[in-house]
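Just so we're clear, the structure is a prediction, and the values are computed from it rather than from any experiment. Here is the naming used below: chain letters follow the sequence lines, and residue numbers restart at 1 for every chain.
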There are 2 protein chains.
Amino acid sequence: MNIGQASERTKLPPKTIRYYEEIALVAPERGPNGYRRYSDKDVHRLRFLQRARGLGFTIEECRLLLSLYEDQHRASSDVKALATDKIQEIDRKIKELNSLKKTLAALAQNCHGDDKPDCPIIDDLAGMADVPVSFAQKSAK
Amino acid sequence: MNIGQASERTKLPPKTIRYYEEIALVAPERGPNGYRRYSDKDVHRLRFLQRARGLGFTIEECRLLLSLYEDQHRASSDVKALATDKIQEIDRKIKELNSLKKTLAALAQNCHGDDKPDCPIIDDLAGMADVPVSFAQKSAK
DNA sequence: TATAGAGGTTCCAGCGGGTGGAAGGTCAAT
DNA sequence: ATTGACCTTCCACCCGCTGGAACCTCTATA
């Protein structure tokens with residue numbers, strides 16, 4: 001099938017599918033007209049990628065997962081390790097976002113939000129806050 | 001002061017400070033030797049940026065915040081709106097991450113994690129899961 | 001005064017993960 | 001024969017920096 005159909009079946013935009021080929025995640029054949037021809041196996045790979053990406057795995061992790069997938073002798077513990085690492089990463093992000101939210105919420109609550117110029121949010125950003133919110137902000141990597 | 005000192009005082013790397021100049025967020029003077037010279041006001045702006053970025057505002061939002069900061073007649077409601085928008089955005093992200101985590105955790109739990117090849121994570125990614133986890137995964141934008 | 005080292009400058013390239021658009025080739029239906 | 005949908009390649013851009021090369025300038029010491 002052509003790229004359009006592969007796109008429909010995988011829910012990946014054609015551009016993305018071509019990009020995945022460029023970075024050697026998938027290698028469809030070519031028809032005599034130069035069109036890419038996707039086998040069911042290719043579509044399968046693409047769907048695998050679509051899911052893994054949707055789960056937050058990076059491209060490189062996806063590459064690893066694919067190779068594990070294709071390795072009949074791989075240990076399922078390898079895959080589990082990758083998954084639990086990812087879970088921890090997600091947990092870290094959630095924590096970071098929660099702390100950010102707290103800070104912003106505290107600021108917003110102190111802001112009367114009318115059409116007068118006094119604004120504790122701005123004051124805090126400018127480093128002249130009189131609201132009791134501490135800002136030892138670590139850079140959001 | 002030179003860029004190194006400005007860097008120390010703002011906790012922003014020199015590269016970042018130069019970048020902020022390139023995108024016109026700050027405009028230090030130049031000494032006769034071509035070195036950038038940062039006034040206290042510049043450092044103040046940079047610190048403002050450092051905090052706003054740390055709170056998850058994008059560069060463009062920072063630009064807006066700065067202009068609001070410098071507008072004596074701005075309405076504090078404008079700033080509050082920006083902050084509450086950001087809070088909602090953070091909330092959305094947290095929700096998305098939580099659902100991701102749930103999915104991954106369910107998979108990892110079903111994975112025995114030994115050195116035998118059966119692996120429900122891989123099976124699920126490959127779309128042949130027999131674990132009861134549903135995957136109408138929306139692409140993580 | 002020569003020199004070393006720390007700091008400054010510019011410019012170019014790359015990260016991840018695509019996305020947009022232009023210019024052109026191909027196919028099926030009218 | 002023409003339209004329009006689909007396909008191709010290529011190049012540039014998004015964000016927010018970051019790394020590195022090549023070079024300039026300042027200060028301290030031998």
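- Within residues 84-94 of chain B, no residue has any heavy atom closer than 4.0 Å to DNA chain C.
- Partners of B/Arg92 according to the salt bridge (Lys or Arg N to Asp or Glu O under 4.0 Å) rule, which considers only residues two or more places apart in sequence or in another chain, do not exist here.
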Taking only nitrogen or oxygen atoms into account, show me every contact under 3.5 Å that the protein makes with nucleotides 19-21 of chain D, one pair per line with its distance.
{"residue": "D/dG19", "atom": "N7", "partner": "B/Lys15", "partner atom": "NZ", "Å": "2.9"}
{"residue": "D/dG19", "atom": "O6", "partner": "B/Lys15", "partner atom": "NZ", "Å": "3.1"}
{"residue": "D/dG20", "atom": "O6", "partner": "B/Lys15", "partner atom": "NZ", "Å": "2.3"}

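- B/Arg30 places its CZ atom 16 Å from the P atom of D/dC24, with the value rounded to the nearest Å.
- With hydrophobic clusters built from ILVMFWY side chains whose heavy atoms lie under 4.5 angstrom apart, B/Leu46 shares a cluster with B/Met1.
- Within a 6.0 Å sphere centred on CD of B/Glu29, other residues, nucleotides and ligands contribute 12 heavy atoms or fewer.
- Within 4.0 Å (heavy atoms only), A/Arg37 reaches no atom of the nucleic acid at all.
- For B/Phe48, the side-chain contact (heavy atoms from CB on, under 4.5 Å) partners two or more places apart in sequence, or in a different chain, are A/Ile122, A/Leu125, A/Ala126, B/Leu65, B/Leu66, B/Tyr69.
- Looking at which nucleotide of DNA chain D each of B/Tyr20 and A/Ile3 is closest to, the 5′-most match is held by A/Ile3.
- OP1 or OP2 of D/dT9 has at least one side-chain nitrogen or oxygen of A/Arg36 nearer than 4.0 Å.
- Nucleotides of DNA chain C lying under 4.0 Å from heavy atoms of chain A occupy a range whose first and last members, 5' to 3', are C/dG17 to C/dC27.
- Side-chain N/O atoms of B/Asn33 include one lying less than 4.0 angstrom from OP1 or OP2 on D/dC26.
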Name every donor-acceptor pair, under 3.5 Å, that has one atom in a side chain of residues 79-88 of chain B and the other anywhere in the protein, sequence neighbours excluded.
{"residue": "B/Lys80", "atom": "NZ", "partner": "A/Ala108", "partner atom": "O", "Å": "3.2"}
{"residue": "B/Lys80", "atom": "NZ", "partner": "A/Cys111", "partner atom": "O", "Å": "2.8"}
{"residue": "B/Thr84", "atom": "OG1", "partner": "B/Lys80", "partner atom": "O", "Å": "3.0"}
{"residue": "B/Thr84", "atom": "OG1", "partner": "B/Ala81", "partner atom": "O", "Å": "3.0"}
{"residue": "B/Lys86", "atom": "NZ", "partner": "B/Gly56", "partner atom": "O", "Å": "3.2"}
{"residue": "B/Lys86", "atom": "NZ", "partner": "B/Glu61", "partner atom": "OE1", "Å": "2.8"}
{"residue": "B/Lys86", "atom": "NZ", "partner": "B/Glu61", "partner atom": "OE2", "Å": "3.2"}
{"residue": "B/Lys86", "atom": "NZ", "partner": "B/Glu89", "partner atom": "OE1", "Å": "3.4"}

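- Side-chain atoms of A/Arg37 never come within 3.5 Å of backbone atoms of A/Ile3 as a donor-acceptor pair (strictly under, hydrogens ignored).
- The nucleotide whose nearest atom lies closest to any side-chain atom of B/Pro13 is, among D/dT9, D/dT18, D/dC17, D/dT18.
- Distances shorter than 4.0 Å separate some side-chain N or O of B/Thr16 from OP1 or OP2 on D/dT18.
- In this structure, A/Gln5 atom CD and D/dC6 atom C1' are separated by 12 Å, rounded to whole Å.
- Looking at every heavy atom in both residues, B/Lys101 comes nearest to A/Ile94 through CD-CD1, 4.4 Å.
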